[in-house]
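First comes the structure, then the notes that go with it.
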Amino acid sequence: MRKFIKHNFRLFVIASSAIFVLMIVWTVFGTRHTIVQPIEYNHKIHVEEADLICIDCHLSVETMSSAMIPNIEICQECHSDEPFTDSPEEIKLLKYIEEEEHIPWQKIYSVPDHVYFSHRRHVSIGDLECSNCHGNVEELESPAPYPSWEPTMDNCIDCHKQYKVTFDCLSCHR
Amino acid sequence: MPKKIQYENELDAPLFRPIYETGKGFYITVGILMLIILWALIMYITQIWFGLGVTGMNQTITWGFYIINFVFFIGISHAGTLISAILRLSRAEWRRPITRMAEVITAIVLAIGGLHPILDLGRPDRVLNIFTSGRLQSPLLWDVTSITAYFTASTVYLYLPMIPDIAKLRDKGGKLTWFYSFLSWGWQGTEHQKKVLNRAISILMIMVIPIAISVHTVISYIFSMTLQPGWHSTIFGPYFVVGAIFSGIAVLLILMIVSRKVFHLEDYLKKIHFQYLSTLLLIMALLWFYFTFSEFLTGIFGSEPHEMEIIHYKFTGPYALFFWGMLLLNFIIPVIILSIKRFKTITGILIASIAVVIGMWLERLNIVVPSLANPRMELPIGIYIPSLVEWSLFLGGIAVFILGFVLFSKFFPLISIWEIEEGREEGIKEVEERVHSYLPGKETGSK
Amino acid sequence: MPKWAMVIDLDKCTGCGDCIAACKLENNIAIVSPEEANDGRVMFWMDMITIYEGEYPNIRVKRFPKPCFHCDNPPCTKVCPVNATYKNEEGLIGQIYHRCIGCRYCMVACPYTAKVFNWLEPEWPDEFKNCFNPDVSLRMMGVVEKCSFCAHRLLKVKEDADSDEREILDNEYLPACSESCPANAIDFGDLENKESRVYNLSRSSRAYREMEDLGTEPKVIYLQKRE
Amino acid sequence: MEIKRREFLKLLGGVSGAVAIGTYGCNQVIDVPERLIELAKKGLGIETWKNTICGQCPAGCGIKVRLVDDIPVYIKGNPLYPVNQGGMCPSGHSALEVLFNPDRIKEPLKRIGIPGSNKWEPLSWEEALQKIADFLIKQRRNNKSHQVAFLDGSEQNSLMSEHIAQFMKAYGSPNYYQYPSVKNDSVPYLLLQGTQQIPSYDFLNTKYVLSFGSNFLEEGYSPIYYTKLYTHLKELTEKKRTRFVQIDSRMSLTAINADRWIPIRPGTYGALALGVAYILIREELYDNEFVSKHTFGFEDWVDNEGYTHLGFKSNVIGNYYPEQVSKITGVPGETILEIARELGNNKPSLVLGDQGSADNTNGTYSQMAIHSLNALLGNFGKEGGLYFTDQPPLAELPRVQEDELAVKGNSQPPIGCTYNTSFKIMDFSINSFTKNILSDNPYPVSVLFLYKGNPLFNALNHHDLAEALKKIPLVISFDSFLTETSEYADIILPDHTFLEKWDEYSNIPSVGFNHVGIQQPVIEPLFDTRNSANILIELGDKIGGTVSGSLPFENFEKEIKFRVEKIYRSGEGAIISEGLKGDWLEYLQQRGWQVGRYNSFDEFWKLITKHGGWWNPIKKEKGIKNIFKTSSGKFEFYSQLLKEWTDELVLMKGNDSHQNRELVLSELNINARGDQVYLPHYEAVPVDEHMPLYLTTYKLLTNRNGQSSNQPMMQEMFGYTSHQSWNTWAEIHPATAKDYGISNEDYIWVESSTGSIKLKAIVNPVVMPNVVAIPFGLGHTSFGRYAKGHGVNPNSVMKNLYDSLNGNPALQATKITISLAT
């Protein structure tokens with residue numbers, strides 16, 4: 001082995017460096033970067049303890065194209081003054097509420113502006129479950145770091161194929 | 001300083017000379033051409049950066065120089081392969097010094113022409129959509145396929161007959177031996193190899209002809225498949241093919257004359273070659289005029305209003321000068337020169353061919369622009385003035401072509417040596433036999 | 001399956017040009033610089049054609065708005081090498097800006113010169129970026145665009161119809177031009193639906209289509225009294 | 001005259017169709033929980049619609065603004081608003097480009113450079129207002145309140161105008177003027193029938209409309225209203241259809257849509273009208289009964305001194321026989337015969353006159369001649385004739401309290417027009433206004449307020465006007481943009497754009513029913529601007545005393561409410577609402593259009609702001625007697641008012657002598673003498689040696705009065721008819737072009753005795769030979785990045801000619817010559 005290395009050392013160097021570079025590239029691009037939310041929102045508790053359902057907070061999910069990410073105006077309907085739990089996250093929330101500043105939620109599901117996606121169409125007309133695209137959020141103890149389902153055109157088309165609904169470009173593109 | 005390579009004592013020394021002796025002229029030409037190409041490149045980058053707005057096109061006249069030149073270059077490409085194939089097929093002995101040059105032209109020009117549609121794209125970054133989501137119905141897609149086919153065919157057709165010569169160069173040794181030996185595929189000139197080569201060539205030359213025809217027919221389809229007056233005509237296929245061969249021969253003649261002067265090939269490219277080729281040119285000129293004439297005659301006779309609008313515009317409109325210029329350069333000048341013995345000198349032929357090349361370019365312009373300048377809707381008639389970018393890209397194209405040719409002449413013999421030799425050794429005998437076999441009387445020696 | 005069509009009554013149309021403005025506003029159509037405009041690169045999805053007939057002083061000026069005709073047998077879609085423009089089953093000719101490679105073949109093929117090209121990157125001052133119509137995506141440099149019969153409105157109207165399980169009403173889905181035409185000259189609706197205004201108008205004796213001889217079968221039908 | 005239900009439905013046809021449209025896009029919001037809409041506005045794309053009134057031009061159309069997340073993104077016509085019934089004109093659509101215009105003035109500015117040098121520094125509101133208030137108070141204390149002038153460029157019947165008038169009166173200055181002034185336009189009607197109101201025309205029932213240069217589809221008071229009427233007529237069956245004949249020297253938009261276009265030499269409309277009158281009288285085609293009953297001065301008559309006076313009839317018969325007329329007008333005699341007969345035989349038939357015929361030195365007389373045709377046809381108070389709308393039951397502003405300072409100030413002569421050379425009837429003449437300022441006659445002007453408008457761009461005497469503005473110590477502009485004019489202001493108090501402010505419009509001239517539109521903010525003010533009305537109130541308070549007492553309102557909104565409350569009380573008419581359908585009308589008819597379905601004013605207010613307006617299409621029955629407010633109580637062919645006032649002028653000169661009369665008449669440059677002066681007659685327009693061609697200008701729908709020039713969309717669309725963007729062009733008849741060796745799209749010099757401009761020529765047989773038609777609107781030297789330096793302003797080559805009777809500029813009177821520009 002050593003003999004081999006000694007004999008064609010150059011090749012060895014090249015090969016090893018190549019492998020090294022590959023590893024770097026892998027680590028940088030391979031892992032999809034995660035999104036950190038300002039508040040470690042816990043869906044599970046809200047669904048199970050406070051037995052809320054999605055539409056209680058995502059108000060417009062059945063009526064409009066965007067489902068709406070709830071913000072303090074909606075949170076404060078329950079979280080008014082003293083915290084229910086002793087979780088630091090709730091303290092954060094209350095802080096936001098009393099300072100009346102909006103929670104800078106990070107959007108993780110988004111489509112480009114030349115695509116028309118309507119929750120109303122999919123949820124109230126198409127009778128899809130939220131989980132079809134968003135995974136079972138009820139089980140999440142902390143906000144999803146990345147979309148459970150990438151809203152790319154291919155994925156859309158696959159699903160549309162599966163449900164035998166329109167492929168017409170104009171039905172999504174505008 | 002590597003040792004001088006011996007070729008002077010060769011029989012075909014003049015054919016080796018340009019390869020082994022590099023004069024100042026070579027470097028100057030290459031330098032100038034490089035500069036032009038660089039400039040064109042810069043221009044293209046600006047176009048990509050700012051968008052097609054830098055050209056002179058507008059909402060009504062949406063096709064300009066790029067498409068014109070596309071058609072023009074592809075047209076020229078018909079010079080080579082087609083001609084050489086036909087000549088080979090007809091066993092014309094005088095073909096031997098010509099074929100190589102012809103094929104070179106094809107290969108280079110086709111590469112340039114094929115790229116022109118990409119210059120014309122608003123979003124070259126998406127060009128691959130053609131493959132990911134192509135639509136077979138679109139003539140543009142037919143083009144892509146047929147041009148690529150033609151390109152591969154003609155390059156192979158150029159390459160195969162070169163192998164024996166490359167082998168010769170390899171045997172001469174020198175710095176580039178590795179390069180030649182790589183290209184020569186271990187050619188030793190054995191009987192078997194010769195047999196294989198000849199069969200390959202003869203298969204290719206039969207294949208190439210229909211492809212060549214198809215290419216230009218398809219290009220004409222780009223126009224004739226639309227409903228535009230002046231384009232929507234069945235004659236366009238053959239019309240374009242004829243035009244293509246026409247311009248092709250002209251370019252071939254120009255190059256032959258030039259390289260004859262530059263590389264002192266008077267001994268190989270004799271007057272007779274030019275005589276024959278220019279006769280072919282004359283025939284094409286007449287053929288071209290016939291097509292043009294019938295094209296316009298049908299238009300005028302039918303006198304469909306929009307059709308007439310276009311024709312009237314061509315005759316009298318802002319581009320009228322170009323139209324009449326086209327007729328002059330494409331028909332009158334070449335016919336006068338080539339049909340009168342006294343004018344049919346080398347220089348005369350040169351003038352005629354140059355005239356034809358320019359004329360054919362004007363013809364493309366006359367096909368593309370006027371139809372677009374007169375939309376069927378009563379919109380204000382647009383006028384198209386090419387911008388600096390378009391001009392420089394046109395020049396760049398030509399520069400690339402010349403550069404390609406010069407470089408080729410630097411590395412490979414412009415005239416197929418082994419075919420010449422073959423001519424000396426077997427050709428004469430073979431022809432003699434052939435002639436005998438045509439004549440009445442007993443069979444002589446024909447196996 | 002509906003088949004959307006437009007009827008333009010030239011006897012009513014005064015040629016006020018409102019449709020052009022409405023269209024430009026609704027569809028975020030770029031406004032090119034004066035120099036560009038001078039080079040004939042203005043972008044109107046809805047254009048106004050003027051024809052002068054007769055001798056002075058008895059001139060008849062015929063002025064008619066010209067959108068994309070959304071032909072039933074469109075010459076443009078056939079030639080598109082990448083399917084960026086196509087005809088959907090409701091008869092709308094779609095233009096997918098993000099697939100278009102900008103070869104402009106469709107523009108050349110269209111006998112009505114209904115399409116326009118983004119010669120340069122469309123630009124607006126930041127202030128105007130506020131009032132973009134969020135329903136219509138912006139185009140980028142080097143793509144072809146054209147009248148879409150305001151298809152983005154159809155998406156919403158369809159949603160409304162589906163959510164209360166009914167057909168789309170006549171006059172519910174209207175493009176911007178027909179909606180705000182002061183002369184009510186532009187009618188829009190479903191050619192398949194026997195009750196729709198458009199269906200009945202398209203059968204009137206005054207109905208004609210531009211260049212019917214080309215066989216493109218435009219779905220924009222003009223009404224004009226023959227003298 | 002009760003409006004018939006049939007026509008009324010016809011009128012509403014547009015609406016009932018459009019109601020469905022009106023709801024487009026609203027559904028999406030409907031089933032969204034109300035709570036949500038307050039909760040989260042941003043990012044959701046919540047769509048709401050607000051109704052208001054368009055301020056792009058004086059036409060006052062109702063518009064519906066589409067807001068997404070409270071940001072206006074689209075504008076369309078309000079389908080319920082009776083004036084435009086969902087219709088719009090191009091410039092209306094570009095209103096958003098006014099609101100979001102990058103060149104808006106964002107805060108009060110103080111000029112630091114010399115006038116016209118565009119150098120400014122910001123100023124705080126308090127500072128600015130205090131400065132102005134102090135100045136005004138000082139003026140007042142020194143009995144110089146009358147030296148404060150106010151120029152109101154909004155040609156609208158808006159509350160704002162009354163508001164300003166109120167302020168000025170209370171402050172004590174007679175110098176509140178509208179420019180351009182609607183009052184001026186109505187002078188002919190005043191002279192002939194004593195009422196200063198623009199008539200409305202009952203197109204729906206008339207058989208034949210003869211329009212003397214009235215470009216009502218393009219330049220009229222409310223083009224879209226007329227477009228609607230025009231369309232309803234087109235819907236009628238062939239035999240019932242009204243026939244339009246347009247007489248104009250250029251084929252305007254109206255002419256294109258007319259059934260026939262008759263080209264005529266500019267400035268000779270009056271002659272043609274009288275020529276038509278000649279035929280009507282000769283062939284007994286006129287309404288004899290009406291003429292004998294309700295007109296004065298038709299036949300020759302004897303006054304109480306025993307003098308015999310020339311009557312209209314003998315005047316016409318004597319001077320306006322077809323050959324003569326066709327020599328003047330260039331209209332062939334047989335054409336005159338034809339139109340006159342058609343007019344007489346297709347009663348009820350209407351005669352209109354405006355722009356083309358009015359904008360000339362002889363405008364008033366031409367209009368009188370044209371209007372007297374209506375009298376011959378007896379078109380008053382009858383179906384298919386012309387009528388005058390009632391006033392909406394709005395509350396009058398509280399009576400102005402004048403302290404002695406105010407009284408003294410108001411008693412001063414107004415400087416908008418000088419009495420010893422012009423009539424009382426003249427409301428305002430920018431010409432004399434400028435002259436007076438420059439000559440301090442009768443007194444200097446020390447403060448000038450400018451509200452809307454752009455006189456320096458529009459006026460023909462802009463050089464003098466600029467000088468005048470320089471001369472005035474304190475010029476205050478309420479403009480939201482830096483225009484040519486406001487560049488001369490010392491202080492600019494930026495106003496809201498009309499999408500951010502409150503105002504109220506009532507009875508747009510010549511619209512056929514009385515209506516009130518509420519203009520309300522659709523978006524919070526983008527910048528630190530203020531509603532000029534509120535500024536006036538504030539200034540009033542700062543001045544205090546009776547001035548603040550006369551504007552006893554907290555802010556303008558309250559004032560509007562106060563006005564509208566009276567409508568609620570009166571119970572007349574109805575708020576425009578989706579209920580206005582056929583069946584509902586029946587009910588209204590029975591109840592005499594009384595709509596008592598609002599429980600409280602608050603509800604009424606809520607509804608009227610929601611829908612954007614109120615209207616009452618039912619006209620009160622009023623006899624022909626009440627139409628004519630003249631001394632004779634009749635329609636006066638022989639205008640006694642005019643006589644009266646000329647005599648007054650003569651007396652001003654001293655005694656009633658022949659040479660004084662001559663003097664007065666020449667000052668008024670009236671060529672006619674004797675009784676003709678008081679009768680409709682043809683006044684020759686000034687001729688100009690070596691200037692063979694006529695220059696006529698017109699305004700396009702895309703840019704009225706050049707106030708849309710700072711909107712890129714309108715600039716691009718400016719010449720959509722001839723595919724000209726961002727620049728001005730000149731239309732020339734092929735024959736004329738040939739004479740001057742000009743071919744299409746050439747650049748030419750248009751030269752008059754005052755200057756020359758270079759522009760593109762469009763050779764086209766849509767103008768008559770020897771006439772060059774240029775659209776007005778472009779050629780700004782200021783007014784923001786989009787307006788500046790594009791196209792040319794035809795007014796810059798116009799001679800400073802005016803109609804001396806009503807003071808209107810003579811836009812058609814300049815003679816020019818053209819040459820090929822190399």
Side-chain angles (χ1 to χ4, degrees), chain B residues 48-63 67 117-118 120-144 222-223 225-229 231-232 304 306 368 371-372 375-385 387, chain C residues 32-33 35-44 47 49-52 62 64 66 75-86 96-122 140-144 210-211 213-216:
Chain B
I48 289 182
W49 190 257
F50 296 106
L52 280 170
V54 298
T55 66
M57 298 182 265
N58 56 39
Q59 300 293 21
T60 43
I61 306 179
T62 48
W63 276 356
I67 297 295
I118 294 175
D120 187 54
L121 290 189
R123 294 206 73 89
D125 53 325
R126 297 192 188 151
V127 69
L128 291 181
N129 287 9
I130 291 178
F131 304 110
T132 56
S133 55
R135 180 194 184 93
L136 287 173
Q137 208 179 354
S138 166
L140 222 50
L141 214 65
W142 309 345
D143 260 2
V144 176
I222 292 184
F223 300 98
M225 289 299 146
T226 67
L227 289 168
Q228 296 304 341
W231 289 2
H232 189 50
E304 189 267 325
H306 292 291
V368 174
S371 285
L372 292 174
R376 286 173 188 265
M377 281 286 163
E378 285 75 359
L379 288 163
I381 289 183
I383 185 84
Y384 168 66
I385 298 146
S387 72
Chain C
V32 299
S33 69
E35 299 73 34
E36 287 289 293
N38 205 15
D39 299 352
R41 292 175 183 173
V42 184
M43 290 209 250
F44 289 147
D47 203 345
I49 307 290
T50 317
I51 306 172
Y52 303 93
K62 183 185 175 189
F64 60 95
K66 176 181 71 66
C76 57
T77 59
K78 288 182 203 152
V79 300
C80 178
V82 294
N83 270 316
T85 179
Y86 78 106
I96 307 306
Y97 315 118
H98 280 254
R99 182 180 279 179
C100 176
I101 60 173
C103 65
R104 308 192 297 297
Y105 198 175
C106 52
M107 298 175 74
V108 171
C110 175
Y112 308 102
T113 49
K115 302 201 173 195
V116 289
F117 184 70
N118 289 277
W119 294 99
L120 297 173
E121 188 69 46
M140 67 294 291
M141 167 184 83
V143 298
V144 175
E210 269 300 318
M211 302 178 205
D213 52 332
L214 295 182
T216 53

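Note on naming: letters A, B, ... go to the chains in the order of the sequence lines (proteins, then strands), and numbering restarts at 1 for each one.
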Can you tell which of [options] has the highest number of heavy-atom pairs within less than 4.5 Å of chain B?
options                             : value
C:Thr216, C:Ile49, C:Thr50          : C:Ile49
C:Met140, C:His98, C:Lys78          : C:Lys78
C:Met107, C:Arg99, C:Lys66, C:Glu36 : C:Arg99
C:Pro75, C:Ala114, C:Cys80          : C:Cys80

Report which part of [X] has an atom under 4.5 Å of a heavy atom belonging to chain C: side chain, backbone, both, or neither.
X        : answer
B:Leu128 : neither
B:Trp231 : side chain
B:Glu378 : both
B:Leu372 : side chain
B:Ser371 : neither

Which atoms of [X] are under 4.5 Å from chain B, going by heavy atoms: the side chain, the backbone, both sets, or neither?
X        : value
C:Cys110 : backbone
C:Pro81  : both
C:Phe44  : neither
C:Val32  : neither
C:Leu120 : both
C:Asn118 : neither
C:Asn83  : both

Quick one: which of [options] has the most heavy-atom pairs under 4.5 Å with chain C, could you say?
options                               : answer
B:Ile67, B:Ile130, B:Ile222           : B:Ile222
B:Asp120, B:Leu227, B:Thr60           : B:Asp120
B:Thr226, B:Thr62, B:Leu140, B:Leu141 : B:Thr62

Do B:Arg126 and C:Val82 have side-chain heavy atoms sitting under 4.5 Å apart?
->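 Of all side-chain heavy-atom pairs linking C:Val82 with B:Arg126, none is under 4.5 Å.
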Answer whether the closest heavy-atom distance between the side chains of C:Tyr112 and B:Arg376 falls below 4.5 Å.
-> no
Can you check whether [Y]'s main-chain N or O pairs, donor with acceptor, with [X]'s side chain at less than 3.5 Å?
X        : Y        : result
B:Arg123 : C:Met141 : yes
B:Trp63  : C:Cys103 : yes
C:Glu121 : B:Phe50  : no
C:Arg41  : B:Gly53  : yes

Nearest 0.5 Å, please: how far is [atom2] in [Y] from [atom1] in [X]?
X        : Y        : atom1 : atom2 : result
B:His232 : C:Leu214 : NE2   : CG    : 8.5 Å
C:Met43  : B:Gln59  : CE    : CD    : 6.5 Å
C:Tyr86  : B:Arg135 : OH    : CZ    : 11.5 Å
C:Asp39  : B:Ile61  : CG    : CD1   : 11.5 Å

Taking all atoms of both residues into account, what is the closest heavy-atom pair of C:Phe117 and B:Gly122, and its distance?
->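 Scanning both residues, the minimum pair turns out to be CZ-CA, 3.9 Å.
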Please walk me through it: do C:Asp47 and B:Met377 pass side chain to side chain contact (heavy atoms under 4.5 Å, CB included)?
-> CA-CA 11 Å; C:Asp47 203 345; B:Met377 281 286 163; over 6 Å; no
